[in-house]
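Data block below; observations after.
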Amino acid sequence: YEGNWIFLPYTGMMDKSEHKDTDKGCYWTSALHSTAQVWAHYKGFSESAMTHVVSGCNRSCGLAIRPVRPKK
């Protein structure tokens with residue numbers, strides 16, 4: 001992976017009209033929660049930690065996305 005990188009800025013999240021957690025990056029994954037599909041998985045990170053939050057956010061929360069497409 002030498003020479004390959006990606007920039008993922010701190011995005012925070014929107015909860016109703018409040019912008020929260022602005023010192024964290026919060027990005028949706030494509031996976032829904034297995035038992036409660038109103039929840040979805042997301043990757044969260046901050047300066048000190050990279051975490052995988054399994055059921056921490058309702059899908060109505062405003063998190064960032066990183067669109068990708070299959071390699072041709």
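Applying the side-chain hydrogen bond (donor to acceptor under 3.5 Å, both in side chains) test to S60 and every residue at least two apart in sequence or in another chain returns N58. With sequence neighbours excluded, the residues satisfying side-chain contact (heavy atoms from CB on, under 4.5 Å) with L8 are I6, Y27, F45, R66. With sequence neighbours excluded, the residues satisfying side-chain hydrogen bond (donor to acceptor under 3.5 Å, both in side chains) with T35 are H33.
Placement of M13 and I65 within a single hydrophobic cluster is found when ILVMFWY residues are connected by side-chain heavy-atom separations under 4.5 Å, directly or transitively.
Scanning all heavy atoms of the two residues, the minimum distance from W28 to R59 falls at CH2-CA, 3.9 Å. Residue C26 comes nearest to G12 through the heavy atom pair CB-O, 3.6 Å, listed as atom of the first residue, atom of the second, then distance.
Applying the salt bridge (charged side-chain N to carboxylate O under 4.0 Å, His left out) test to pairs two or more places apart or on separate chains, none has a residue in residues 31-40. Note on residues 9-21: pairs passing side-chain hydrogen bond (donor to acceptor under 3.5 Å, both in side chains), not counting sequence neighbours, are D15-K20.
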Apply side chain to side chain contact (heavy atoms under 4.5 Å, CB included) to residues D23 and E47 and explain how you reach the verdict. CA-CA 8 Å; D23 60 339; E47 186 174 342; over 6 Å; no

